[in-house]
Amino acid sequence: MIHRLNNFWNRIAIVFLCACVFFPWQDDGLYSLGWVVVSVLISLRLLSGALSKVSIFAFVLLMIALIFGDWNHDALRYIGVVLVLFIQPQNEDEAGGVADDFKFHIVCTALFGVGIWMGVGFDGAASGLLELHCATWFVLIAFCMLNLKHHDPWKVYLLLSAFLFTCVFVTAWSSFAAGTVLLLWHFSRRFWTHRRLVTLSVVYGSILVGMIFIAHAGISWLNENKENTPFGEGMVLESQSLDERLALWEWTTSKFTGKVNGPGSWRQDVQDADLFIGNRQPRRAHNEWFHFSYELGWIGIVILLLFCVLRPWSSLIIAPIFLLWFPMERPDFILALAILHSTSKFSFNGIWNSPKISTAFVIPLCAFWILSWTMASRSIYLQNQISKHIASHHVLPEFTTLDLWALQLFPENVRYGSDGWFRLGQYYLLNEEPCSAFYWLNRREARGFLTDTNLDAKARIDCENVKNPNP
């Protein structure tokens with residue numbers, strides 16, 4: 001019965017995951033709704049297997065860090081990341097489990113590759129989005145390889161070849177490096193002990209970091225010494241993407257103090273620094289190690305190090321993705337990791353043999369997480385609908401109590417292009433509650449948004465009149 005439930009969950013999760021590649025993730029409403037679905041799926045997996053003590057320890061560390069920051073979408077994402085990184089492996093039977101659904105999984109994984117090429121061919125996705133799709137596809141292929149049957153290895157090798165061709169085309173050397181490590185594991189997995197894997201993860205990560213800086217230095221030297229190369233003056237090597245990443249990393253590391261700045265703080269602080277001209281303002285550091293350390297301080301570093309020690313193969317395979325992109329922002333990548341990490345073949349089971357924590361803790365945690373994402377999704381939907389309503393009717397729509405709760409709990413939009421603080425300020429002014437309006441407008445200013453002078457002044461003056469009425 002357990003295996004059937006696990007296989008059913010895998011099927012549902014993989015079908016949803018493969019549908020995600022066709023979604024326009026640039027839409028904030030769809031993005032937040034995707035997180036709602038993923039939170040439900042991951043919670044169902046957690047409820048079927050509870051949590052280990054390691055998971056609880058990492059979660060407690062995260063909660064300590066979140067105390068010092070704002071409650072927003074980024075905080076909810078960090079909760080999902082920690083739950084998935086340390087999820088308890090559940091498919092313990094080597095003879096059954098997900099291997100019985102191998103054909104289904106490999107067909108779905110192939111469909112995911114078709115979706116990537118549709119994004120390339122029809123310009124349906126930005127290059128950064130395609131890079132993260134490739135990262136998710138790679139995790140799916142790793143999942144298929146884990147459940148490889150002895151008589152059909154050519155199917156996974158064919159998928160891996162298609163992946164390398166597609167994703168090297170999109171993401172250059174990083175995917176090739178990850179694919180090489182995956183093949184290395186497949187051909188010699190019985191050789192790797194836990195200690196050897198941890199060592200290899202550290203060495204491999206160090207090599208990748210070195211390659212990044214060597215590549216940047218090499219490109220810079222070639223561009224400065226064109227006349228000494230066989231191609232002469234006609235050779236110009238572009239490295240804008242790498243230059244921008246190095247600029248982000250240099251800024252992030254220069255600001256690191258080890259303290260907790262809070263979820264979402266990196267995005268706001270880098271905007272204030274104004275590193276790039278125009279609208280090319282990044283949302284993430286393009287390096288999960290730097291991003292975690294900036295927002296969560298030393299706690300973020302400890303969580304990632306704990307992940308590397310407990311899941312060395314997983315950290316090894318996704319090392320290029322962690323070093324160059326921001327996969328932990330994406331609900332589809334998090335779901336792919338949940339599928340991968342819940343497979344016992346990918347884990348050293350002795351590490352997870354500690355007694356499981358009671359579901360009495362898991363149920364309220366999952367319910368809280370799902371409800372929070374639901375309210376966050378409702379807030380984004382409301383902000384979009386309010387803007388449309390004002391554009392057509394020139395007045396705020398009516399708010400229900402649930403609408404107010406959603407805006408108050410999650411006033412920020414995903415990409416910070418809109419905000420609920422301003423709408424709450426307008427609402428409370430119209431309802432003759434100027435002090436409440438002034439409170440929300442003040443919070444908006446504290447988050448770095450430009451102040452609406454007229455609205456802010458009216459709220460402040462009216463609030464002072466309410467507090468100190470004229471005799």
Side-chain angles (χ1 to χ4, degrees), residues 1-2 5-6 8-10 12-13 16 31-91 260 262-264 292 295-296 299-300 302-303 306-307 310 328-329 331 334-335 337-339 341-342 351-381 400-412 414:
M1 176 61 70
I2 294 177
L5 289 175
N6 285 335
F8 178 73
W9 183 89
N10 284 326
I12 297 297
F16 175 76
Y31 173 86
S32 62
L33 186 60
W35 265 109
V36 173
V37 176
V38 167
S39 67
V40 172
L41 288 172
I42 293 176
S43 296
L44 289 175
R45 175 58 97 189
L46 292 174
L47 288 173
S48 66
L51 290 172
S52 67
K53 288 184 177 179
V54 177
S55 308
I56 300 300
F57 175 69
F59 187 76
V60 169
L61 285 179
L62 177 65
M63 290 296 102
I64 294 173
L66 295 184
I67 292 173
F68 298 95
D70 292 330
W71 185 247
N72 50 31
H73 302 88
D74 297 282
L76 296 181
R77 279 197 292 265
Y78 278 122
I79 292 175
V81 167
V82 168
L83 291 177
V84 168
L85 289 184
F86 302 99
I87 195 171
Q88 179 95 7
Q90 294 165 39
N91 299 328
V260 177
F292 269 63
E295 296 193 346
L296 303 183
I299 291 178
V302 169
I303 289 174
L306 187 62
F307 163 63
L310 294 181
M328 293 308 182
E329 186 188 50
I334 292 297
L335 181 59
L337 279 185
I339 296 170
H341 288 174
S342 60
I351 298 175
W352 306 95
N353 284 340
S354 57
K356 298 176 182 178
I357 305 300
S358 170
T359 53
F361 175 84
V362 179
I363 290 175
L365 170 62
C366 291
F368 169 78
W369 190 41
I370 293 171
L371 288 174
S372 296
W373 266 119
T374 303
M375 295 296 281
S377 180
R378 177 64 180 173
S379 174
I380 292 173
Y381 171 79
T400 64
T401 303
L402 183 63
D403 294 341
L404 286 175
W405 286 352
L407 288 174
Q408 290 169 355
L409 287 172
F410 299 98
E412 292 176 291
V414 172

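As the structure is a computational prediction, the values presented were derived from the model and not from experiment.
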- Query: Could you go step by step and tell me if Ile380 and Phe410 meet the side chain to side chain contact (heavy atoms under 4.5 Å, CB included) rule?
  - Reply: CA-CA 8 Å; Ile380 292 173; Phe410 299 98; over 6 Å; no
- Message: As an exercise, state the distance from CG of Leu62 to CD1 of Ile67, rounded to the nearest 0.5 Å.
- Response: 10.0 Å
- Query: Using 30° and 60° as the class limits, which term best fits the ring planes of Phe307 and Phe86: parallel, tilted or perpendicular?
  - Reply: perpendicular
- Note on the structure: Smallest heavy-atom separation, Glu329 atom then Trp35 atom, equals O-NE1, 3.4 Å
- Residues passing the side chain to side chain donor-acceptor pair (under 3.5 Å) test with Ser379, sequence neighbours excluded, are Gln383
- Message: Are the side chains of Val84 and Met328 in contact, using a 4.5 Å heavy-atom criterion?
- Response: no
- Task: Mind running side chain to side chain contact (heavy atoms under 4.5 Å, CB included) on Leu365 and Leu83 for me, showing each step along the way?
- Result: CA-CA 10 Å; Leu365 170 62; Leu83 291 177; 4.0 Å; yes
- Taking side chain to side chain donor-acceptor pair (under 3.5 Å) as the test, write out the residues that go with Thr400, two or more places apart. Asp403
- Query: Looking at CG of Leu409 and CH2 of Trp71, how far apart are the two atoms once the value is rounded to the nearest 0.5 Å?
  - Reply: 9.5 Å
- Message: When you compare the side chain of Met375 with that of Leu402, does any pair of heavy atoms fall below 4.5 Å?
- Response: yes
- Query: Under 4.5 Å between any side-chain heavy atoms of Tyr78 and Ile303, yes or no?
  - Reply: no
- Message: So if I apply the side-chain contact (heavy atoms from CB on, under 4.5 Å) rule between Leu61 and each of Leu306, Ile299, Leu296, which one comes out positive?
- Response: Ile299
Atom pairs and distances, side-chain donor-acceptor, residues 366-374, under 3.5 Å, sequence neighbours left out:
| unit_1 | atom_1 | unit_2 | atom_2 | d |
| --- | --- | --- | --- | --- |
| Trp369 | NE1 | Leu76 | O | 3.1 |
| Ser372 | OG | Phe368 | O | 2.8 |
| Thr374 | OG1 | Ile370 | O | 2.8 |

- Message: For Arg45, run the side-chain contact (heavy atoms from CB on, under 4.5 Å) check against Ile339, Ile87, Leu335 and tell me which one passes.
- Response: Ile87
- Note on the structure: Nearest heavy-atom approach of Gly80 to Ile334 is O-CG2, 4.3 Å
- Task: Could you pull out the closest heavy-atom pair between Val36 and Ser377, with the gap in Å?
- Result: CG2-CB, 3.9 Å
- Looking only at non-hydrogen atoms, find the nearest pair between Glu295 and Pro263 and report the distance. OE1-CA, 3.6 Å
